[in-house]
**Q** 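Below is the structure I would like to discuss, written out as structure tokens.
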There are 2 protein chains.
Amino acid sequence: MEQLPQYRKLYEQLRKHITNGVYRKGDILPSENELCNVNGVTRPTVRKALDLLANEGFITKHQGLGSVVNKIPKGIGILSIKGTTSAVGSENLSTKVIVKPKVMQWPENFPFPLTETELESGCIYFERLRLVDGEPFFYDITYIPNINLPRFTSYKLDNVSLFDTLREHFKLEIKGGKQHFKAVMPSKNIQDQLAIKDNQPIIQLQRKLSTNRLNFNFYSELFCNTEVYALSGGF
Amino acid sequence: MEQLPQYRKLYEQLRKHITNGVYRKGDILPSENELCNVNGVTRPTVRKALDLLANEGFITKHQGLGSVVNKIPKGIGILSIKGTTSAVGSENLSTKVIVKPKVMQWPENFPFPLTETELESGCIYFERLRLVDGEPFFYDITYIPNINLPRFTSYKLDNVSLFDTLREHFKLEIKGGKQHFKAVMPSKNIQDQLAIKDNQPIIQLQRKLSTNRLNFNFYSELFCNTEVYALSGGF
DNA sequence: AAAATCAACTTGTATATACAAGTAGAATGT
DNA sequence: ACATTCTACTTGTATATACAAGTTGATTTT
């Protein structure tokens, strides 16, 4: 894999330390100066890594005191820029591909406007069931424009981070996106897949993710059963 | 009001330009170098302002091209660090205080853990109905620890940004927070307040917001009718 | 013993500079 | 007319430096 920028390497290291329990809620991270010395980088680089952690809710910075580790949310931290696999420890979350990736036309009445290029190229479509502690938690339908992604349909996606796959094989990085939340009653199919009891509402989350490739976005639609676990995130 | 840092002034100016339509979706903002020259600041300062805009979904930065303005979501951008009043134009959103601020004990089974200091001091509690284009959209119940907020209960909160009030009168800035989303069926009271038809689920959003004051967080619980407008945000 | 002050840390804000990597349009070559 | 190359922009990454503002604990003063 290609070289990551130093601020990102530090960010991932600290993030892993937090999710692995090296630092726990209430702990104070090493100071910015200490992180400089230990990692051989300068303060703006350290601060950029810490800013990412703060943006995602892992830490809270306090002027004069330090960077305090927050409690990692028990729910699925789905609002961060990272995908779900890295938001919780991968031992809690597993993925089952229900509909394998296939190339098809975009569905009618797609919730996001599509460019002409996207429309013409069709999309790679697949459905995944995500389980937390073995229980179905959300159902994820993904649409990726079928543009310059050779042999994507042959990649295995069970228990694999889609974002990692996109990064490693296609040099695609998620840069941001937007998302819409709605509370809905589930369709029969979703009710079956998520094992939802009658009259239990679910959250429908529609996301458009932008990437480092210009004019290349992809889309996902998730249905989440929030009866046991809330959807959560920091900001 | 006290002096804002330069990066924040630029951020608010650009944000206002975007929400006011000076820049529209698809437009490219002036380059970083141009913003430096025009505003008499340096590139890291400009980049910090642009980073905030990018984090909140207002723009997408593209290396080599520029900063492209995104469409402002039609829904209520409630996931950003700013309060709801500044997420949409204030002409679309109005606020009606249903239960005026009063000091009381924390409710039982509060969804976030509370410190001993918070428990002892009680909380300032109030309820507001938020309307978009005159239609009830969400119901906001707020709990603020009753610590060092003299005469808070005398402040008017109708059609006023709570965050602005906290900033101007008490020097409290929102630094971040966490939030949990659930899909629920509304209680009778919420159904009445939000004019929700039968069997229509809603989103329950519980938020804990951290501030610049150490160990001072406040909390809100929102119920949103997402039938017409989705809850949306950028990231 | 309590209050005030001080020192040494912390993060926050900002400037200055340099080079890498990506994009678009102009210029040149075939 | 089309392809290739070049130029001049853009944002991305990173170092270096300085001072402001906040926090904590030690020290000094009362």
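Quick note on labels: first sequence line is chain A, next is B, and so on, each numbered from 1.
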**Q** Taking OP1 and OP2 of D:dT15, is either one under 4.0 Å from a side-chain nitrogen or oxygen of A:Thr45?
**A**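 Yes.
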**Q** Under 6.0 Å between ring centres, would you say that holds for B:His180 and B:Phe112?
**A** yes
**Q** In whole angstrom, what separates B:Leu53's CG from D:dT11's P?
**A** 13 Å
**Q** Find the distance B:Asp51:CG to D:dG12:P and express it as a whole number of Å.
**A** 8 Å
**Q** Give a yes or no on whether the ring-centroid distance for B:Tyr143 and B:Phe218 is below 6.0 angstrom.
**A** no
**Q** A:Ile28 CD1 to D:dG25 P: how many Å, rounded?
**A**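 Distance, rounded to whole Å: 10 Å.
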**Q** Could you check how far CG of B:Leu35 sits from C1' of D:dC9, rounded to whole Å?
**A** 15 Å
**Q** Whole angstroms only, please: what is the OH-P distance between A:Tyr7 and C:dA20?
**A** 18 Å
**Q** Among D:dT13, C:dT11, D:dT11, find the nucleotide with the atom closest to the side chain of A:Lys48.
**A** D:dT13
**Q** Send over the distance from A:Leu10 CG to D:dA14 P, rounded to a whole Å.
**A**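 Atom CG in A:Leu10 sits about 10 Å away from atom P in D:dA14.
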**Q** Between C:dT11, D:dT11, D:dA14, which one does the side chain of B:Lys61 approach most closely?
**A**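 Given the options C:dT11, D:dT11, D:dA14, the side chain of B:Lys61 is closest to D:dT11.
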**Q** Verify the distance criterion only: is there a donor paired with an acceptor across the side chains of B:Arg130 and B:Thr95 at less than 3.5 Å?
**A** yes
**Q** Using OP1 and OP2 only, check whether a side-chain N or O of A:Thr42 sits under 4.0 Å from D:dA14.
**A**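 Looking at the OP1 and OP2 atoms of D:dA14, neither is under 4.0 Å from any side-chain N or O of A:Thr42.
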**Q** Taking B:Arg128 first and then B:Asp158, would you say they form a salt bridge - that is, a charged N and a carboxylate O separated by under 4.0 Å?
**A**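 Not counted as a salt bridge, because no side-chain N and carboxylate O are separated by less than 4.0 Å.
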**Q** Consider the side chain of B:Val41, meaning its heavy atoms from C-beta on, and name the nucleotide among C:dT11, D:dT10, C:dT15 that approaches it most closely.
**A**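 It is C:dT15.
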**Q** Ignoring hydrogens and angles, answer whether the base of D:dG12 and the side-chain atoms of B:Arg43 contain a donor-acceptor pair closer than 3.5 Å.
**A** yes
**Q** Pick the closest DNA chain D nucleotide for A:Pro5 and for A:Gly64 by heavy atoms, then say which residue is nearer the 5' end.
**A**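 Going by which nucleotide is closer to the 5' end, it is A:Pro5.
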**Q** Quick one: on DNA chain C, does A:Pro44 or A:Gln63 contact a more 5' nucleotide (nearest heavy atom)?
**A**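 So the residue in question is A:Gln63.
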**Q** Side chain of B:Arg47 only, please: which of C:dT15, D:dG12, C:dT13 is the nearest?
**A** D:dG12
**Q** Atom CD of B:Glu32 to atom C1' of C:dC19: distance rounded to whole Å?
**A**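 Roughly 15 Å, once rounded to whole Å.
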**Q** Does C:dT10 have its OP1 or OP2 closer than 4.0 Å to a side-chain nitrogen or oxygen of A:Ser67?
**A**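 A:Ser67 to C:dT10 OP1/OP2: no side-chain N or O under 4.0 Å.
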**Q** Is it true that a side-chain atom of B:Arg24 and a backbone atom of B:Gly21 form a donor plus acceptor pair closer than 3.5 Å?
**A** yes
**Q** Which nucleotide in the set D:dT23, D:dC19, C:dA18 lies at the smallest distance from any side-chain heavy atom of A:Leu65?
**A**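 So the nucleotide nearest the side chain must be D:dT23.
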**Q** When you check the phosphate oxygens OP1 and OP2 of C:dT10, does a side-chain N or O of A:Asn33 lie under 4.0 Å from one of them?
**A** yes
**Q** Just the rounded figure in Å: distance from P of D:dT11 to CG of B:Leu29.
**A** 9 Å
